[in-house]
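Just so we're clear, the structure is a prediction, and the values are computed from it rather than from any experiment.
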Amino acid sequence: MNILIIGGTGLLGLEAARQLMKRGHEVVGVALPPLPEGVEVPPGYRLVYGNYLSMSDKGLLNMMKGMHALVFAAGIDERVEGPSPIYDLYFKYNVQPVRRLLRLAVEAKVAHAVILGSYFAYAARKFPKWELEEHHPYIRSRIEQEKAALSFASSGAMNVAVLELPYIFGVQPGRRPVWTILLEQILAMKKKTYYPKGGTAMVTVKQVGQAIVGTIDRNKGGHAYPIGYYNKTWVELLTLFHRHAEIERPIATVPTWIYQLGVNRVVKKKAKQGIEMGLNMKKFTPVMTSRLFIDKNEGSESLGVQPDDIDQAIAESVQASLKALQGQAMVGMKAE
């Protein structure tokens, strides 16, 4: 197959390219320069450097002609903050591009599309009482993105899958890990590391690549796949962070009401700065204090995702985050 990846040099896009090419597929990636220092591009991987958002419909359509599959591995996550309404920014980078790209993909007769989404969309379906779409601009954008993508499958125009991805561990040389933020918070604490109860599903970068490959091979029609393989409580995860960052102090689970007080202070500070966050932290407490786990039977195993060394992936993520905090130059998140 010929496959086009939007976000072709990102942590997930490049891993997908590697795994697809190992299976004999021809892959083209679209990405913003620069390529992070130290990254090795697979031989034969054709990269088109540029901002796909500023490319013309005609240019994108020509790029898609002859392609069998499209992978959207771009967009922005909840770390992006800014002036209100922040949803406009999420719409620009997460929803609008999917509508445009899939419309062009249908015109180019692309048979398969894979959209890398968020497990918060899965959480919204599973726990409607949390009202995630109503309260959180970022989660709303992911839900709208999913609806937009699957609408192309419901019309019978193409096979579409949205991978609802949880926390992801693994590194790319020269790229700043998303886990730098959490490690910085941990290091700022003194006698104890304080965190609420709860936990999360997680996968490795390699497993996301496997899910993308499996989706292109197996998905028919339109489906949202919750992708999870390992589940850890926050205490279990932070214990690994402590070990790999050589932090020696107890981890204390704080009562939910104390966690909420801390959140309220952060929200008030951001409001004074004129900043709106992608997650309404006052309303996010039920999510943060729950065990938002995903059984691998819900999506991962059906796509051929295999076991991986999650503890090693966490170790690599923590060590790279330490380097970033120590000043090592790294490429950060880009939406294009």
Side-chain angles (χ1 to χ4, degrees), residues 1 3 5 7-27 29 39-45 68-73 112-123 126 159-173 175 177-179 199-233 236-237 240-241 244 291-320:
M1 289 187 186
I3 298 168
I5 300 177
T9 60
L11 180 68
L12 304 180
L14 187 55
E15 179 62 25
R18 288 193 187 98
Q19 296 199 33
L20 287 164
M21 293 179 73
K22 284 180 181 178
R23 289 161 175 79
H25 299 297
E26 297 289 328
V27 185
V39 169
E40 294 184 6
V41 174
Y45 183 30
H68 299 95
L70 168 71
V71 178
F72 181 73
H112 301 276
V114 183
I115 310 301
L116 303 193
S118 168
Y119 83 148
F120 288 138
Y122 161 79
K126 190 168 183 177
N159 300 305
V160 180
V162 179
L163 301 184
E164 297 173 326
L165 300 173
Y167 286 8
I168 302 165
F169 290 96
V171 298
Q172 184 184 85
R175 189 172 296 280
V178 299
W179 298 105
T200 184
M202 58 192 68
V203 291
T204 67
V205 171
K206 183 178 179 181
Q207 289 177 315
V208 176
Q210 291 171 347
I212 293 169
V213 172
T215 300
I216 293 172
D217 288 344
R218 305 180 187 190
N219 180 63
K220 300 296 181 185
H223 296 281
Y225 295 94
I227 303 299
Y229 208 93
Y230 302 100
N231 296 303
K232 292 185 184 294
T233 65
E236 290 170 336
L237 179 59
L240 291 171
F241 266 64
H244 299 306
R291 295 190 175 190
L292 190 51
F293 293 167
I294 301 175
D295 193 294
K296 55 181 176 288
N297 295 319
E298 294 188 67
S300 294
E301 286 197 333
S302 66
L303 298 177
V305 175
Q306 299 297 309
D308 198 12
D309 192 340
I310 185 67
D311 289 359
Q312 179 59 32
I314 292 171
E316 292 170 356
S317 299
V318 172
Q319 290 156 9

Participant: Taking atom types as modelled, is there a side-chain donor on Y229 or D308 under 3.5 Å from an acceptor on the other?
Facilitator: no

Participant: Using only atom types and a distance under 3.5 Å, with no angle test, would you say the side chain of Q210 pairs donor to acceptor with the backbone of Q306?
Facilitator: yes

Participant: Can you tell me how far CD1 of I227 sits from CD of E164, rounded to the nearest 0.5 angstrom?
Facilitator: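 One finds 8.0 Å between CD of E164 and CD1 of I227.
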
Participant: Between F169 and W179, what is the ring plane arrangement, given parallel below 30°, perpendicular above 60°, and tilted in between?
Facilitator: parallel

Participant: Once you round to the nearest 0.5 Å, how far does CG of D217 lie from CD1 of I212?
Facilitator: 12.0 Å

Participant: Taking 4.0 angstrom as the limit, do D309 and K206 come out as a salt bridge?
Facilitator: no

Participant: Mark yes or no for whether Q19, through its side chain, and A16, through its backbone, hold a donor-acceptor pair below 3.5 Å.
Facilitator: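 No.
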
Participant: Is there a donor-acceptor contact under 3.5 Å from the side chain of H68 to the main chain of M1?
Facilitator: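 Not a single qualifying donor-acceptor pair exists.
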
Participant: Using side chain to side chain donor-acceptor pair (under 3.5 Å), reason through Y119 and T200 one step at a time and then give a plain yes or no.
Facilitator: CA-CA 10 Å; Y119 83 148; T200 184; 2.7 Å; yes

Participant: Side chains of E298 and Y122 only: does a donor on one sit below 3.5 Å from an acceptor on the other?
Facilitator: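 Yes, Y122 and E298 have a side-chain donor paired with an acceptor closer than 3.5 Å.
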
Participant: Look at the side chain of N231 and the backbone N and O of G199, then say whether any donor-acceptor pair between them is shorter than 3.5 Å.
Facilitator: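 No: the side chain of N231 does not pair with the backbone of G199.
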
Participant: Rounded at 0.5 Å granularity, tell me how far CD1 in I3 sits from CE in M21.
Facilitator: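 Rounded to the nearest 0.5 Å, the CD1-CE separation comes to 10.5 Å.
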
Participant: Check V208 against I168 and note the closest heavy-atom contact, atom names and distance.
Facilitator: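 Of all heavy-atom pairs spanning V208 and I168, the closest is CG2-CD1, 4.0 Å.
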
Participant: Quick one: does T204's side chain have a donor or acceptor within less than 3.5 Å of a partner on A313's backbone?
Facilitator: no

